[in-house]
Trainee: 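Below are the structure tokens for one structure; questions will follow.
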Amino acid sequence: MTDALYIYLRGEQALATLPPHLAERASRQWTTYSQQTALMDRELKFCSDHGIQVICYGDEAYPQRLMVCRDAPLVLFYLGNAPLNARHIISIVGTRHLSPYGRDLCERITADLGRLLPDALVVSGLAYGADINAHRGALANNLSTVAVVAHGLDRIYPYTHKATAAQMTRQGGLLTEYPMGTEPERYNFVHRNRIVAALADCTIVIESARRGGSMITAERAREFGRPVLACPGRLTDATSEGCNRAIAEGKAFAFTDVADLIVRMGWESAGSQDAVQQPLFAESLSLSAEGQQLVSALRGTEGLTADQLALATQMPAFQVGAILTDMEMQGLLALMPGGLYRLKG
């Protein structure tokens, strides 16, 4: 219906301003929906009542990067305040079955973006795993973040992400090509991935199996001439197979850190050179000598318990516990199942 809505809003004369294949597509749909103006009026009223912007192809607010997409939507529905033509836009995608390593990557990347590229807009898809961790990481680091969803804006899917979605409408937004009433069908998720890819200057894949939505998004980004950066992982991890293979086959650059990303994208002027050259992650924070001992004991491990750390450092258990609590509050450690403490930095 949305192609017909474009004609309903702009008039048939606007077809002459579209690329021929889009004009033909809209004309075909107008033939079907031209007599169903009540349906389109209902959609427009819903948008007006809920503060949703209806953005047409060619409008100033329409994302210019998206025009590279041959099957670009002619109408977008947008609830939010972040400009869709922001100076720096990065898509972050990955598996829904994110490992602790993947969650750490999301936290690190968004924290460093907040520090080194504070005007960045983070785009993802609101799904479980990498998507929601990327959105929440962006929000926590005062970055704007937009979710491209696979359904109408009369619902949120998954429903458990409703609170995060509400926060995003005040610090980013929710974007879709689908009118109200559209269910989150499987095909819609695959189809919307082209928007996730086309909206951004580059795409970062956190973790991915060999096949899946993230690899589809990465492939579309490559089709659009946008760099893909994949986070390397262990050869034994199924969730890293897609990333490792993409790097090995030359389909993606290996992601190392945000400073390297800024240089690769030619964005050095976005922040001072001093900022880009700052050390990243835990090493940049001030720790006591005892805290440094714990970091040294944890480095290179998959995690240790407080008792194991006390034994390794020869510190009293009560002292280890106090330092671990402080380090966890600083965001240096993650407490894993089984009481294991794992370095984030």
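Note that this is a predicted model, so its numbers are computed, not measured.
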Trainee: side-chain contact (heavy atoms from CB on, under 4.5 Å) for Arg65 and Arg226? Distances and angles first, verdict last.
Mentor: CA-CA 10 Å; Arg65 295 170 178 85; Arg226 311 286 166 78; 3.9 Å; yes
Trainee: Could you tell me whether Arg70 atom CZ has more than 12 heavy atoms of other residues or ligands within 6.0 Å of it?
Mentor: no
Trainee: Glu177 vs Arg194, test: salt bridge (charged side-chain N to carboxylate O under 4.0 Å, His left out). Steps then yes/no.
Mentor: CA-CA 11 Å; Glu177 63 184 306; Arg194 77 197 194 288; 2.8 Å; yes
Trainee: How many angstroms lie between CZ in Arg234 and OG1 in Thr239, if you round to the nearest 0.5 Å?
Mentor: 8.5 Å
Trainee: Hey, what do you get for CG (Leu105) to OG1 (Thr110), rounding to the nearest 0.5 Å?
Mentor: 10.5 Å
Trainee: What is the minimum heavy-atom distance between Phe189 and Pro184, and which atoms define it?
Mentor: CE1-O, 3.4 Å
Trainee: May I ask you to test the Met180-Glu43 pair for a side-chain heavy-atom distance under 4.5 Å?
Mentor: yes
Trainee: Glu185 side chain to Thr182 main-chain N or O, any donor-acceptor pair under 3.5 Å?
Mentor: no
Trainee: Keeping the roles fixed (side chain from Asp154, backbone from Gly181), state whether a donor-acceptor pair exists under 3.5 Å.
Mentor: yes
Trainee: Hey, any chance Leu5 and Leu22 share a hydrophobic cluster, counting ILVMFWY side chains that come within less than 4.5 Å of each other, even indirectly?
Mentor: yes
Trainee: Not counting sequence neighbours, which residues clear side-chain contact (heavy atoms from CB on, under 4.5 Å) with Ala166? List them please.
Mentor: Arg170
Trainee: Got Met315 and Leu294 here, is their nearest side-chain heavy-atom distance under 4.5 Å?
Mentor: yes
Trainee: Charged N to carboxylate O under 4.0 angstrom, Asp112 versus Arg108?
Mentor: no
Trainee: Can you tell me how far the CH2 atom of Trp30 sits from the OH atom of Tyr8, to the nearest 0.5 Å?
Mentor: 7.5 Å
Trainee: Would you check, one step at a time, whether the test side-chain contact (heavy atoms from CB on, under 4.5 Å) holds for Leu309 with Thr305?
Mentor: CA-CA 6 Å; Leu309 285 165; Thr305 66; over 6 Å; no
Trainee: Check whether any side-chain heavy atom of Tyr57 lies under 4.5 Å from a side-chain heavy atom of Val75, and answer yes or no.
Mentor: no
Trainee: What is the ring orientation for Tyr187 with His191, classed by angle as parallel under 30°, tilted 30 to 60°, or perpendicular over 60°?
Mentor: parallel
Trainee: Show your reasoning for whether side-chain contact (heavy atoms from CB on, under 4.5 Å) applies to Glu207 and Cys231.
Mentor: CA-CA 7 Å; Glu207 285 184 309; Cys231 298; over 6 Å; no
Trainee: Apply side-chain contact (heavy atoms from CB on, under 4.5 Å) to Asp260 and Phe253, showing your working.
Mentor: CA-CA 11 Å; Asp260 178 68; Phe253 299 105; over 6 Å; no
Trainee: With a 3.5 Å distance limit and no angle check, can you tell me whether Asn193 reaches the backbone of Thr217 through a side-chain donor-acceptor pair?
Mentor: no
Trainee: Give the cluster check for Val146 versus Leu153: same hydrophobic cluster or not, with ILVMFWY residues linked at side-chain heavy-atom distances below 4.5 Å.
Mentor: yes
Trainee: Please round to the nearest 0.5 Å and tell me the distance separating atom CG of Leu261 and atom OG1 of Thr256.
Mentor: 8.5 Å
Trainee: Would a distance-only check, ignoring hydrogens and angles, find a side-chain to backbone donor-acceptor pair under 3.5 Å from Ser240 to Asp237?
Mentor: no
Trainee: Measuring from His88:NE2 to Trp267:CH2, what's the distance to the nearest 0.5 Å?
Mentor: 5.5 Å
Trainee: Any side-chain to backbone donor/acceptor pair from Asn85 onto Gln64? Under 3.5 Å, distance only.
Mentor: yes
Trainee: Under 4.5 Å between any side-chain heavy atoms of Tyr78 and Ile52, yes or no?
Mentor: no
Trainee: Could you tell me if the side chain of Met67 sits less than 4.5 Å from the side chain of Tyr62, heavy atoms only?
Mentor: yes
Trainee: Whether Arg220 and Asp71 form a salt bridge (side-chain N of Lys/Arg under 4.0 Å from carboxylate O of Asp/Glu) is what I want to check.
Mentor: yes
Trainee: Would a distance-only check, ignoring hydrogens and angles, find a side-chain to backbone donor-acceptor pair under 3.5 Å from Asp59 to Cys56?
Mentor: yes
Trainee: If you compare all heavy atoms of Thr160 against all heavy atoms of Arg136, which two are closest, and at what distance to 0.1 Å?
Mentor: O-NH2, 4.3 Å
Trainee: If you define the side chain from C-beta out and look only at heavy atoms, does anything of Met327 sit under 4.5 Å from Tyr341?
Mentor: no
Trainee: Between Thr145 and Val122 (side chain of the first, backbone of the second, donor and acceptor by atom type, cut-off under 3.5 Å), is there such a pair?
Mentor: yes
Trainee: According to salt bridge (charged side-chain N to carboxylate O under 4.0 Å, His left out), does anything in residues 14-36 pair up with another residue at least two apart or in another chain? List the pairs.
Mentor: Asp3-Arg25, Glu24-Arg28
Trainee: Given 3.5 Å as the limit, does a donor-acceptor pair link the side chain of Gln171 with the main chain of Leu143, or not?
Mentor: yes
Trainee: Return the minimal non-hydrogen interatomic distance between Cys202 and Leu229, and the atom names on each side.
Mentor: CB-CD1, 4.1 Å
Trainee: So for atom CD, which belongs to Glu249, do other residues, nucleotides or ligands contribute more than 12 heavy atoms lying within a distance under 6.0 Å?
Mentor: yes
Trainee: If I compare all heavy atoms of Ile323 with all of Glu290, which pair ends up nearest, and what's the gap?
Mentor: CD1-CB, 3.4 Å
Trainee: Would you kindly confirm whether Met265 and Leu199 end up in one hydrophobic cluster when ILVMFWY residues are joined by side chain heavy atoms under 4.5 Å apart?
Mentor: no
Trainee: Does the side chain of Val228 come within less than 4.5 Å of Lys251's, by heavy atoms?
Mentor: no
Trainee: Measure the spacing between CE of Met168 and CG of Leu139 and express it to the nearest 0.5 Å.
Mentor: 6.5 Å
Trainee: Main chain of Gly233, side chain of Asn244: is a donor-acceptor contact present, judged purely on distance under 3.5 Å?
Mentor: yes
Trainee: Strictly distance-based, threshold 3.5 Å: is any side-chain N or O of Asn133 a donor or acceptor partner for the main-chain N or O of Cys106?
Mentor: no
Trainee: Identify the two heavy atoms, one from Val205 and one from Ser208, that lie closest to each other, and give their separation to 0.1 Å.
Mentor: CG1-CB, 3.9 Å
Trainee: Transitively linked via ILVMFWY side-chain contacts under 4.5 Å: Leu66 with Tyr178?
Mentor: no
Trainee: Over all heavy atoms of both residues, which pair between Pro158 and Leu126 is shortest? Give the atoms and the distance, please.
Mentor: CD-O, 3.5 Å
Trainee: Check Ile195, Thr2, Leu175, Thr176 against Pro73 for a side chain to side chain contact (heavy atoms under 4.5 Å, CB included) and give me the one that passes.
Mentor: Ile195
Trainee: Classify the ring geometry between His151 and Tyr157 as parallel (under 30°), tilted (30 to 60°) or perpendicular (over 60°).
Mentor: perpendicular
Trainee: Please check if Leu76 and Leu18 belong to a single hydrophobic cluster, counting links between Ile, Leu, Val, Met, Phe, Trp and Tyr side chain heavy atoms closer than 4.5 Å.
Mentor: yes
Trainee: What donor-acceptor contacts under 3.5 angstrom involve side-chain atoms of residues 91-98, with partners at least two apart or in another chain?
Mentor:
| from | atom 1 | to | atom 2 | distance (Å) |
| --- | --- | --- | --- | --- |
| Ser91 | OG | Val196 | O | 2.6 |
| Thr95 | OG1 | His97 | N | 2.9 |

Trainee: Quick one: does Ile90's side chain get under 4.5 Å of Leu117's, heavy atoms only?
Mentor: yes
